[in-house]
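Right, one structure below, let's go through it.
Worth saying up front: this structure is predicted, and the values here are computed from it rather than measured.
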Amino acid sequence: MPKKTPAVAFIMVTLLLDVLGLGLIIPVLPKLVTSFGGGDISESSGTFGWFVAVYALMQFLFSPVLGSLSDMYGRRPIILLSLMGAGLDYLMMAFAPSLEWLFVGRVISGITGANITAVNAYIADVSPPEKRAQSFGLLGAVFGIGFILGPALGGLLGGMGPRVPFMVASALNLLNAAYGFFILPESLPRERRTALQLNKANPLATLGVLGRYPMVLGLAVTFVLVSLAHQGLQSTWVLYTTYRYHWTEMQNGLSLSVVGICAAVVQGGLTGVLVKKVGERRALLLGMAITSVAFILYGVATEGWMLYAFLAVGSLGGIAGPSAQSLISRHVSPKEQGAVQGALAGLMSLTGIAGPVFFTHLFGYFTSARAPLQVPGVAFFAGAFFAALAVVFTMRSFARLPEEPTGSPTTAGAPMHG
């Protein structure tokens, strides 16, 4: 087998292109969808919600399928075919003559984007056990970089036309597929391959594990509410800023890059400091409270520049997710950590399906002529409600647990052993 170093670098680039391609089209997709709907952003917002939801749905359905196929046929063919498929799909979307063709393209991009399972499996194959955490950490860093660079580049290219970012995303994926054909070795030997098992390809199969841990089930509800709240921001940000502040693709792209930078700072540094200082439970409650307040501020901001000031504060709400995951991990048998984390990922995917449809339709109604009151920030207000509800729900769950020693998050909650 060829050296693994260039193969790992290729995998990192593959993930970067996956995220970059997604980020490239975020600033321009709402405008493109609206252009097919007659130019009315309120009337087209619900349609855009379905575009966001179908991508998440395809990832939810096909991530375990592609992972299982990579166990059966090897990682290399799945990764290369997904890259080629993504390149051709972005090209089709760039020249889509109708909304229906654009929607079909979005379905295909969701399927090809589900190659993250094969990418993760490849890294696990080629990384020695003592370096896997480091390798997966690099994947997380690449993911963050893609979400910072993608929207900014998409906004820049979008100024040349809403279809240009699709063309660039297509070229990047096709070039990477061609390069990978020559340099990417297979990481899974034939003797370690397994037949396709339908139960492993079932995305709902892992959710049942949560029911075995009542405390975890309660925190999982919190996890869903917080994730649902953030769907309001992710799915309506460009719609909101375009409608209320008349932002261009460039302005939207830059603002989304700032969101990515703030998230990276919080997730990469501040979370550990804050959790160590106040404990996981207080960090979770504090994060959700900050999120609720920040969302209200987004919704009442009268000038676009105010959003940047509110983002700096609102990004601190990002401490909630890691705190919830850490708390959940402490109440789960070591034998079922993977299954529980898989179930949480499945729940996040489900909110990514339902959330965009709900929030974009809500935005569309309250910015339309038929609404009794014009409320452009209604999606943010709804997100604030879900985050506040999560605070109440979590406080009730914590009331059944012993007090957490401040500054000692590692002692919070006795882990269960099976």
Side-chain angles (χ1 to χ4, degrees), residues 132-134 136-141 143-144 147-148 210 213 215-230 233 259-295 310-334 336-338 340-345 347-348 351 383-384 386-417:
R132 282 179 188 166
Q134 179 184 356
F136 282 115
L138 285 173
L139 281 182
F143 200 88
F147 266 117
I148 293 170
L210 296 176
Y213 301 97
M215 180 60 193
V216 170
L217 187 60
L219 288 173
V221 173
T222 297
F223 201 76
V224 167
L225 289 172
V226 173
S227 179
L228 192 60
H230 282 283
L233 183 145
V259 172
I261 292 171
C262 290
V265 170
V266 172
Q267 299 284 346
L270 294 181
T271 295
V273 175
L274 290 173
V275 171
K276 185 176 182 180
K277 187 175 182 63
V278 304
E280 287 168 337
R281 299 187 203 174
R282 292 182 182 88
L284 173 57
L285 292 171
L286 178 63
M288 293 185 297
I290 290 174
T291 297
S292 185
V293 172
F295 274 45
F310 298 151
L311 277 172
V313 178
S315 62
L316 293 174
I319 65 175
S323 299
Q325 283 189 298
S326 182
L327 279 167
I328 288 171
S329 70
R330 298 185 188 285
H331 291 81
V332 174
S333 165
E336 294 192 303
Q337 288 287 350
V340 168
Q341 293 301 323
L344 292 177
L347 288 174
M348 284 192 67
T351 64
F386 285 124
L389 187 62
V391 171
V392 175
F393 199 94
T394 305
M395 289 180 68
R396 293 185 61 182
S397 297
F398 285 168
R400 300 193 295 267
L401 292 175
E403 181 66 20
E404 175 187 40
T406 302
S408 303
T410 55
T411 62
M416 297 179 63
H417 299 281

Output side-chain donor-acceptor pairs under 3.5 Å for residues 313-321, partner residues at least two apart or in another chain, one line each.
from	atom 1	to	atom 2	distance (Å)
S315	OG	L311	O	3.3
S315	OG	A312	O	3.1

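- The two residues I148 and A264 come nearest to each other via the heavy atoms CD1-CB, 4.4 Å.
- From I290, atom CD1 reaches atom CG of L285 across 11.0 Å, with rounding to the nearest 0.5 Å.
- Taking 4.5 Å as the limit, every side-chain heavy atom of R282 sits out of range of all side-chain heavy atoms of V275.
- With sequence neighbours excluded, the residues satisfying side chain to side chain contact (heavy atoms under 4.5 Å, CB included) with A384 are S292, F295, I296.
- Annotation: side chain to side chain contact (heavy atoms under 4.5 Å, CB included) contacts of F393 (sequence neighbours excluded): V221, T222, S397.
- Considering only residues two or more places apart in sequence or on other chains, F147 meets the ring pair (Phe, Tyr, Trp, His ring centres under 6.0 Å) condition with F143.
- Partners of A294 under the side chain to side chain contact (heavy atoms under 4.5 Å, CB included) rule, at least two apart in sequence or in another chain, are Y298.
- Applying the side chain to side chain contact (heavy atoms under 4.5 Å, CB included) test to T351 and every residue at least two apart in sequence or in another chain returns V224, S227, L228, Q231.
- Atom NE2 of H230 is separated from atom CE of M348 by 9.0 Å, given to the nearest 0.5 angstrom.
- If you take CG on L284 and OG1 on T394, they are separated by 5.0 Å, rounding to the nearest 0.5 Å.
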